[in-house]
Amino acid sequence: MISRIFEIMNDVKHILVTGGAGYIGSHTVVELYENGYIPVIVDDFRNSHLSVINGLEKITGQKIIYRKLDVCDYKAFEKVFIEFSFVGAIHFAAYKAVGESVQSPLKYYKNNLLALINCLELAEKYHVENIVFSSSCTVYGEPTGVKTVTEESKIQPASSPYGNSKQIGEEIIDDLIKSGSSLKILKLRYFNPVGAHETGLIGELPIGKPTNLLPFVTQTAIGKLDELTVFGNDYNTPDGTCIRDYIHVCDLALAHVKSIEWLENQPNSLSDSINIGTGKGTSVLEIIHTFEKVSESSLNWKFGDRRDGDIEEIYANVDKSWKLLKWKPTKTVKDAIFDAWNWELKLNND
Ligand code: UD1
């Protein structure tokens, strides 16, 4: 109670960050601090490392507030809402491995949906009105015709339980708002987050063998993995490999802060979706060649078969994010590759 009175009197803006020790969550914590908010991390560290907290403390020079708990445990999660008076919540906590979700669909639905429902229920109960939900461009599936998707592009049947958990999550949010809830929710549809913080103190820490491209590249280059396989070279793209919209994780992190700022200024309840990307496409071979230039090394890679469910080419139409959030990415794919490599080198030295 005393801490809540202190918050109100001192205009402290606490933001709940579920999954705040994870890859995107941790970079968002840094941006929140830099923009005058005090993030409160809730994470059970099942897919992240406690060392992230040390990295965050070194970057921000602040004592990081975190509570180790599972957001699927309603009672434990509620204690955080009682302890702090949040002006907003950013909900990252979710499983995200596509392949694993196909093997264990119930694990994915149970965790990802229960976590979201608990977060929304508690946000309503404790009047935390400004909510950002981590969604994904995976909701668009393979675009038909134009490869640039807008928020109005067709949502297609998900190709994995992971993707479906994001689609259902979006639907749960829409239904809640239709029911008359007072919450204001932005669903951020991320394209491909890459890179690390420029200090090399936080970055992507995949548990086990990475499935995403850039950590696979850096781990191969450092010698943790033997060889990178490029999945398919017969796609209908200029160099035959798939094209994605890679966005620097720090740019993506700032988009969350801009979303909270925007939501704070909205008078009425709402649910809206926003693409968070750069609007530019990069092929797998372009990533490899840029990496080789940046790292001044040659990568051990070969062409292999296509990966099931892979999308040929997709990138974001970013008009809405630029217009609504007044936010534009400032970093290039080359910057992201440089930072990811710096992070991998630091991890190796430590
Ligand atoms: C994947 C997920 C997507 C999720 C996103 C999160 C799939 C089908 N999709 O997207 O749902 O939201 O990660 O970041 O898994 N590649 C290789 N060799 C590798 C790894 C990747 O060639 O070892 C290629 C892929 O074929 C793809 C590109 O690199 O063309 C990017 O792959 P990845 O990083 O896995 O991202 P997405 O497939 O876009």
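What you are looking at is a predicted structure, and each value in this text was computed from that prediction instead of being measured. Counting convention: from 1, in listed order, for ligands and their atoms alike.
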Report, as yes or no, whether the 6.0 Å neighbourhood of atom OH on Y140 holds more than 12 heavy atoms from other residues, nucleotides or ligands. yes
Salt bridge between R189 and E151, side-chain N to carboxylate O under 4.0 Å? no
Can you tell which part of N212 has a heavy atom less than 4.0 Å from ligand 1: side chain, backbone, both or neither? both
Suppose I only count heavy atoms of C242 and a 4.0 Å limit; which atoms of ligand 1 are within that range? 30 (O)
Please confirm whether R244 makes a cation-pi placement over Y315, using NZ or CZ under 6.0 Å from the six-membered ring centre and within 45° of the ring normal. no
In this structure, atom 15 (O) of ligand 1 is nearest to the protein heavy atom V98 CG2, 3.4 Å
I311 N/O to ligand 1 N/O under 3.5 Å: no
Which of the ligand 1 atoms, numbered from 1, are nearer than 4.0 Å to a heavy atom of S136: 12 (O)
Looking at atom 26 (O) of ligand 1, what's its closest protein heavy atom, distance included? D310 OD2, 2.5 Å
Closest to atom 4 (C) of ligand 1 among protein heavy atoms sits Y162 CE2, 3.9 Å
Is K320 salt-bridged to D272, going by a charged N under 4.0 Å from an acidic O? yes
Before we go on, tell me: are the rings of Y23 and H27 under 6.0 Å apart, centre to centre? yes
Indicate, as side chain, backbone, both or neither, the part of Y190 found under 4.0 angstrom from ligand 1 when only non-hydrogen atoms are considered. neither
Closest non-hydrogen protein atom to atom 18 (N) of ligand 1, residue and atom name please, with distance? T229 O, 2.8 Å
Which of these, F231, W301, F216, has its nearest heavy atom closest to atom 19 (C) of ligand 1? F231
Are the ring centres of F84 and Y126 closer than 6.0 Å? no
Side chain, backbone, both or neither: which part of Y246 has a heavy atom under 4.0 Å from ligand 1? side chain
For atom 27 (C) of ligand 1, what is the closest protein heavy atom, and at what distance to 0.1 Å? R244 NH2, 3.6 Å
Salt bridge present between R306 and D234 (N-O < 4.0 angstrom): yes
Element-labelled atoms of ligand 1 that are located less than 4.0 Å from some non-hydrogen atom of V230: 22 (O)
Could you tell me whether K258 sits above the aromatic face of W327, with NZ or CZ closer than 6.0 angstrom to the six-membered ring centre and within 45 degrees of the axis? no
Ring centroid separation F191 to Y246 under 6.0 Å: no
Please report which non-hydrogen protein atom sits nearest to atom 34 (O) of ligand 1, along with the residue it belongs to and the distance in Å to one decimal place. L213 N, 2.8 Å
Between F338 and H248, does the ring centroid distance fall short of 6.0 Å? no
Protein heavy atom at shortest distance from atom 38 (O) of ligand 1: R307 NH2, 2.8 Å
Classify the contact between T138 and ligand 1 as side chain, backbone, both or neither, using a heavy-atom distance cut-off of under 4.0 Å. side chain
At under 4.0 Å between heavy atoms, which part of N192 makes contact with ligand 1: side chain, backbone, both or neither? side chain
Can a cation-pi geometry be assigned to K107 and Y95, taking NZ or CZ under 6.0 Å from the six-membered ring centre and within 45° of the ring axis? yes
Contact region, T211 to ligand 1, non-hydrogen atoms below 4.0 Å, reads backbone
Would you mind listing which atoms of ligand 1 come within a distance below 4.0 Å of any non-hydrogen atom of L228? 18 (N), 19 (C), 23 (O)
Ring centroids only, cut at 6.0 angstrom: are Y33 and Y37 within range, meaning strictly under it? no
Could you tell me which atoms of ligand 1, counted from 1 in the order shown, lie closer than 4.0 angstrom to a heavy atom of V284? 22 (O), 24 (C), 28 (C), 29 (O), 30 (O)
